[in-house]
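First comes the structure, then the notes that go with it.
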Amino acid sequence: LKKACADGGWKGSEAEVREIVKRGPYVLRGAVGNEGSGRVVLTTGMLSKAESVANFYFRTLLSGQMLDFDGILHAALYILKCAKFDKPLAEHLLVDEAQDLSNIEWEIVNTFPASNLFCVGDFDQKIFGFKGSSDSFLNAAKEALQKAMKTWEAHTLDENWRCGSAVCDAANRLIEHNTDRPKKQTISATGTTGQVTVRSFPNPLSEREAIAQAISELVIGGESEMDMAILCRTNNLAQTFTEKLEANGIPVAKKKRQAF
């Protein structure tokens, strides 16, 4: 995109062009689609300067038989809209993590020809707002279900089979601070209580030392390292804990992944 802006003589903000690119090549004014062939012809007539730069960007990608990540979604939606289906492509369309679908992904779900639609999502696990996930996925899901089927049902799954009651109670109290969520509770079904301890540390090193010490004390008390886990926000952060634990003689099971 930077090259397209430079080659197109764009003097404005790259973010302005990027916003146009996010809409895909098929919504630019002057774009002419050849329905049924899966091809699109982009014209430069009636385009603003920013749209012309975006147009140049799309042409460069398509000439090299490439798509960016947003383009994959736009191309899939375009093909679905252009194609003529005599029968459903699938008996069941299953959509997991529905709370993280963006508007265009919901449009793909709405357009995909399937006999039955099944969506699973949890508003409290919505973490992909940065990529444009819908702020009202429940409404989007209902709209998709109503379009796909004459009758549909909504089921709330409130039983938690992973955590004890103390963990669920703490999670409920914390998540209630989010005001843009449906009112619901997570209820422990494990029959256990568990324990939640909140601690703060002056710096990352003291945090790692305290956790390594806590694990050592649990092992001495008869607990198995296989029953312990440390959740980290990034792989790089996980690596710092790995180094500290191994330095203290605590075995660590980890997977090699790309640094993040």
Side-chain angles (χ1 to χ4, degrees), residues 1-8 10 12-35 37-44 47-83 89-90 93-114 117-123 125-137 139-141 143-144 232-238 255-260:
L1 184 59
K2 290 181 181 295
K3 186 177 186 303
C5 290
D7 293 347
W10 176 246
S13 169
E14 182 182 319
E16 183 178 348
V17 179
R18 189 175 300 278
E19 285 303 311
I20 297 174
V21 167
K22 286 182 179 179
R23 287 157 33 202
Y26 311 110
V27 297
L28 291 178
R29 296 194 307 274
V32 180
N34 184 6
E35 292 194 7
S37 68
R39 299 180 179 179
V40 64
V41 179
L42 298 178
T43 64
T44 56
L47 297 181
S48 68
K49 180 62 176 178
E51 289 174 331
S52 295
V53 174
N55 186 27
F56 175 76
Y57 170 75
F58 290 128
R59 284 180 177 274
T60 302
L61 288 180
L62 295 174
S63 65
Q65 296 185 327
M66 297 182 293
L67 289 171
D68 58 16
F69 287 112
D70 288 326
I72 293 173
L73 297 175
H74 288 288
L77 180 59
Y78 181 79
I79 292 171
L80 286 172
K81 286 185 173 181
C82 290
L89 288 182
L93 178 59
L94 311 180
V95 181
D96 196 10
E97 303 294 356
Q99 74 280 352
D100 290 326
L101 267 61
S102 64
N103 289 329
I104 186 172
E105 288 168 337
W106 275 117
E107 196 170 354
I108 291 174
V109 170
N110 281 325
T111 308
F112 190 91
L117 176 62
F118 185 86
C119 298
V120 178
D122 184 354
F123 201 93
Q125 297 185 44
K126 182 175 177 293
I127 60 174
F128 283 100
F130 66 89
K131 79 173 183 66
S133 59
S134 175
D135 289 333
S136 55
F137 95 89
N139 292 333
E143 180 182 342
C232 300
R233 188 172 61 86
T234 65
N235 293 333
N236 287 338
L237 186 58
K255 292 182 179 180
K256 290 185 178 180
R257 301 181 62 182
Q258 185 177 358
F260 173 66

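Basis for what follows: all heavy atoms, side chains included, without hydrogens, waters or symmetry-related copies. What you are looking at is a predicted structure, and each value in this text was computed from that prediction instead of being measured.
Counting all heavy atoms, side chain and backbone alike, Glu16 lies closest to Ala50 at OE2-CB, 3.9 Å. Nearest heavy-atom pair across Thr60 and Met66 is O-CE, 4.3 Å. Contact between Asp96 and Leu101 at its shortest, heavy atoms only, is O-CD1, 4.3 Å. Contact detail for Val53 and Ala4: the closest heavy-atom pair is CG1-O, 3.7 Å.
In this structure, the side chains of Leu117 and Phe112 stay at 4.5 Å or more apart for every pair of heavy atoms. Side-chain contact between Asn55 and Arg59 is present, with at least one heavy-atom pair separated by less than 4.5 Å. Side-chain contact between Val95 and Val120 is absent, with no heavy atoms from C-beta onward closer than 4.5 Å. In this structure the side chain of Trp106 reaches within 4.5 angstrom of the side chain of Cys119, judged on heavy atoms.
With sequence neighbours excluded, the residues satisfying side-chain contact (heavy atoms from CB on, under 4.5 Å) with Ile108 are Leu73, Ala76, Leu77, Leu80. With sequence neighbours excluded, the residues forming a side chain to side chain donor-acceptor pair (under 3.5 Å) with Glu107 are Lys81, listed by chain and number. The side chain to side chain donor-acceptor pair (under 3.5 Å) test applied to Glu14 returns Lys2, Arg18, not counting sequence neighbours. Taking Asp7 as the reference, Lys3 meet the salt bridge (charged side-chain N to carboxylate O under 4.0 Å, His left out) condition, with sequence neighbours excluded.
To the nearest 0.5 Å, atoms CZ (Arg23) and NE2 (His74) are separated by 9.5 Å. The distance from the CG atom of Leu1 to the CZ atom of Phe56 is 11.0 Å, given to the nearest 0.5 Å.
Between the side chain of Glu105 and the backbone N or O of Ser102 there is at least one donor-acceptor pair closer than 3.5 Å. Under the 3.5 Å distance criterion, the side-chain polar atoms of Gln99 are left unmatched by any main-chain donor or acceptor of Gly121.
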